[in-house]
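Data first, discussion second: the structure below is written as structure tokens.
Side chains included, hydrogens not; waters and symmetry mates left out as well; all remaining heavy atoms used. Please read all numbers here as calculations on a predicted model, not as lab measurements.
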Amino acid sequence: MKLSKTEMTVLRFIQNDPEQCIRQGVRAVAEQCYSNPSSLVRMAKKLKFSGWLELVYFIKFNITMPKLDVTNDIDYMSVQPEEALTPLLASLKQQRILIHGSGFSQLIAQYIYNKFLVTGVNASLALWPDYEILETEKRRLLRLHLESFLNPGAAARRSTG
């Protein structure tokens with residue numbers, strides 16, 4: 001897939017300040033990039049997004065935002081004191097619990113459901129297919145593709161390393 005100079009300019013503009021792109025909208029961004037709104041929407045569709053906002057949010061959350069590493073937080077599991085867990089578990093066993101997960105939360109919902117099953121909690125699991133889960137591999141490849149356009153040096157280092 002070949003991108004024009006204008007399309008590259010727009011992608012870099014989004015990468016530099018995705019929040020501004022969300023606030024201002026496609027018309028203002030098109031004007032600032034010396035393009036027109038329909039060209040920006042066509043570019044988003046060319047990159048297999050449903051529209052302009054999906055492209056902007058994808059770049060915001062998958063390329064520009066730093067990835068959080070919660071594994072370094074020592075206290076991330078100390079939610080309840082250990083002595084409070086027994087009464088909590090006893091009260092859960094007397095109730096019926098519906099667990100729902102969608103998207104990435106679906107994995108956590110399944111994990112909690114399995115834990116409840118082995119501890120005797122009456123739980124039900126409700127899962128619905130999520131577009132994001134079904135498209136994960138396609139999105140990963142698209143992200144790598146966009147990163148190679150926006151950061152060619154990083155992509156070259158990644159492929160040789």
Practice task
In sequence, state the C-alpha distance, the side-chain angles, and the governing distance for Thr9 and Tyr34, and then conclude on side-chain contact (heavy atoms from CB on, under 4.5 Å).
Solution key: CA-CA 9 Å; Thr9 301; Tyr34 305 104; over 6 Å; no
[atom2] on [Y] to [atom1] on [X], rounded to 0.5 Å:
X: Asp17; Y: Lys60; atom1: CG; atom2: NZ; answer: 10.0 Å
X: Lys48; Y: Glu54; atom1: NZ; atom2: CD; answer: 12.5 Å
X: Leu47; Y: Leu55; atom1: CG; atom2: CG; answer: 6.0 Å
X: Gln32; Y: Gln24; atom1: CD; atom2: CD; answer: 4.5 Å
X: Leu3; Y: Leu11; atom1: CG; atom2: CG; answer: 6.0 Å
X: Phe116; Y: Ile99; atom1: CZ; atom2: CD1; answer: 5.5 Å

What closest approach, in Å, do [X] and [Y] show between heavy atoms, and which atom pair accounts for it?
X: Ser50; Y: Lys45; answer: O-NZ, 3.0 Å
X: Trp52; Y: Gly25; answer: NE1-C, 4.2 Å
X: Val56; Y: Pro18; answer: CG1-O, 3.7 Å
X: Lys93; Y: Thr119; answer: CE-O, 2.7 Å
X: Ala30; Y: Pro37; answer: CB-N, 3.5 Å
X: Cys33; Y: Thr6; answer: O-CG2, 4.3 Å

Exercise for the section: Look only at the side chain of Glu7 and the backbone of Ser4, and say whether a donor-acceptor pair between them is shorter than 3.5 Å. Expected result: yes
Handout entry: Side chain Lys46, main chain Lys2, donor-acceptor under 3.5 Å
Key = yes
Exercise for the section: Could I get the full list of side chain to side chain contact (heavy atoms under 4.5 Å, CB included) partners for Gln94, not counting sequence neighbours? Expected result: none
Completion exercise
With sequence neighbours left out, the residues meeting side chain to side chain contact (heavy atoms under 4.5 Å, CB included) with Ile108 are Ile112
Practice task
Start with the C-alpha distance between Val121 and Leu117, add both sets of side-chain angles, then the distance that settles side-chain contact (heavy atoms from CB on, under 4.5 Å), and finish with yes or no.
Solution key: CA-CA 6 Å; Val121 174; Leu117 280 181; over 6 Å; no
Practice task
Could you tell me whether the side chain of Tyr57 reaches within less than 4.5 Å of the side chain of Ile22, counting heavy atoms only?
Solution key: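 Sidechains of Tyr57 and Ile22: in contact.
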Practice task
Report yes if the side chains of Gln110 and Leu125 come closer than 4.5 Å at any heavy-atom pair, otherwise no.
Solution key: yes
Handout entry: From CA spacing to verdict: side-chain contact (heavy atoms from CB on, under 4.5 Å), Ile97, Asn122
Key = CA-CA 6 Å; Ile97 297 178; Asn122 186 8; over 6 Å; no
Handout entry: Residue Phe13 excluded, over 12 heavy atoms near CZ under 6.0 Å
Key = yes
Problem - Residue pair Ser39, Arg42: steps toward the side-chain hydrogen bond (donor to acceptor under 3.5 Å, both in side chains) verdict - result: CA-CA 5 Å; Ser39 294; Arg42 278 195 306 275; 3.1 Å; yes
